[in-house]
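Take a look at the structure set out below.
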Amino acid sequence: MGTQPPLTNPHPYHIADEEIPWGDYSEWYPDDMMGGMRAKRILGPGGAIHHSETIMGILEIDPGRSYPAHRHAAPEVYYVIEGEAECTFGSEVFTVKAGSTIRTPPNEWHGFSNTGDVTFRAFAYWWAPGGDSSVLEGPLELKDP
């Protein structure tokens, strides 16, 4: 799921937000899409804190921008921190706002469109069922428009 530069964190027990870089996901997503979307991997392979069986991070989508429909083998949970988005998960379309929790089963098509006036910000968590960490390595598949 993309890469981040190595950290030079001097603190053994905490990492400040500004010390965690936004990831480079150009290998997975078109450049024009990443102009309105950012992902920061806090925990996981290649994350600020290494872990081989989980990925935890922050997703941001600018107003009027979208994270197009995609799918991946890892199950995922989003918790919306700020903003509002129209979500398409499978054949269901619904709106989420701060405080909403969204569950994504493995290989389910899902995407977001920021319909609000502020940046959509969500906490994202992926895990490796049964310890099969290969599901965290991809590939992520974008749905044809």
Side-chain angles (χ1 to χ4, degrees), residues 1-7 9 14-145:
M1 185 181 161
T3 59
Q4 291 185 159
L7 294 177
N9 180 24
H14 70 92
I15 299 172
D17 181 59
E18 63 271 9
E19 296 175 293
I20 304 172
W22 293 101
D24 174 9
Y25 300 97
S26 57
E27 67 192 63
W28 287 20
Y29 304 116
D31 288 341
D32 62 332
M33 188 180 91
M34 291 308 295
M37 185 183 95
R38 292 162 296 289
K40 182 180 284 199
R41 188 174 291 186
I42 298 167
L43 173 75
I49 301 168
H50 179 78
H51 195 278
S52 62
E53 295 180 1
T54 58
I55 294 174
M56 180 183 84
I58 301 295
L59 169 68
E60 289 188 349
I61 305 170
D62 294 335
R65 299 299 296 261
S66 295
Y67 185 3
H70 64 283
R71 65 181 178 180
H72 40 74
E76 179 178 37
V77 171
Y78 293 95
Y79 178 79
V80 181
I81 300 166
E82 183 178 13
E84 183 175 291
E86 181 179 274
C87 302
T88 304
F89 277 59
S91 60
E92 186 176 348
V93 178
F94 54 93
T95 300
V96 296
K97 59 183 180 179
S100 297
T101 300
I102 309 158
R103 179 185 64 87
T104 310
N107 296 305
E108 179 74 47
W109 288 107
H110 59 288
F112 302 89
S113 292
N114 183 339
T115 55
D117 296 329
V118 299
T119 299
F120 175 79
R121 193 169 281 114
F123 169 86
Y125 183 79
W126 297 26
W127 66 95
D132 179 9
S133 59
S134 68
V135 300
L136 302 177
E137 298 167 8
L140 180 141
E141 180 183 359
L142 288 174
K143 192 172 193 176
D144 291 332

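From a predicted model like this one, the values you see are computed outputs, not experimental measurements.
- Expressed to the nearest 0.5 Å, how far OH of Y67 lies from OG1 of T88 amounts to 14.0 Å.
- With sequence neighbours excluded, the residues that form a side chain to side chain donor-acceptor pair (under 3.5 Å) with D62 are R38.
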Q: Tell me, with the steps shown, if H70 and H110 meet side-chain contact (heavy atoms from CB on, under 4.5 Å).
A: CA-CA 6 Å; H70 64 283; H110 59 288; 3.0 Å; yes

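- Within the model, atoms OG1 of T119 and CD1 of I81 stand 12.0 Å from one another, a figure rounded to the nearest 0.5 Å.
- Take D132 and apply the side-chain contact (heavy atoms from CB on, under 4.5 Å) test, not counting sequence neighbours, and it matches S134, V135.
- By the salt bridge (Lys or Arg N to Asp or Glu O under 4.0 Å) test, D117 is found to be paired with no residue, residues two or more places apart in sequence or in another chain being considered.
- I20 is not listed as a side-chain neighbour of I58, based on a closest heavy-atom distance of 4.5 Å or more.
- Note on residues 76-91: pairs passing salt bridge (Lys or Arg N to Asp or Glu O under 4.0 Å), not counting sequence neighbours, are E82-R121.
- When every heavy atom of G116 is checked against every heavy atom of P63, the shortest pair comes out as O-CB, 3.5 Å.
- Under the ring-ring contact (aromatic ring centres under 6.0 Å, His included) criterion, Y78 pairs with F112, not counting sequence neighbours.
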For residues 44-57, dump all side-chain donor-acceptor pairs below 3.5 Å to protein atoms at least two apart in sequence or in another chain.
residue : atom : partner : partner atom : Å
H51     : ND1  : E53     : N            : 3.0
H51     : ND1  : T54     : N            : 3.3
H51     : ND1  : T54     : OG1          : 3.2

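- Residues passing the ring-ring contact (aromatic ring centres under 6.0 Å, His included) test with F123: none are found, sequence neighbours excluded.
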Sequence neighbours left out, cut at 3.5 Å: what donor-acceptor pairs do the side chains of residues 90-105 make with other protein atoms?
residue : atom : partner : partner atom : Å
S100    : OG   : K97     : N            : 3.2
S100    : OG   : K97     : O            : 2.9

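- S113 meets the side chain to side chain donor-acceptor pair (under 3.5 Å) test with S66; sequence neighbours excluded.
- For the salt bridge (Lys or Arg N to Asp or Glu O under 4.0 Å) test, residues two or more places apart in sequence or in another chain that qualify with E141 are R71.
- Looking at V80 and F120, their side chains come closer than 4.5 Å, going by heavy atoms from C-beta outward.
- For the atom pair CZ (R65) and OG1 (T115), the distance works out to 15.0 Å, reported to the nearest 0.5 Å.
- K40 contributes no side-chain N or O that, together with a main-chain N or O of E60, makes up a donor-acceptor pair within less than 3.5 Å.
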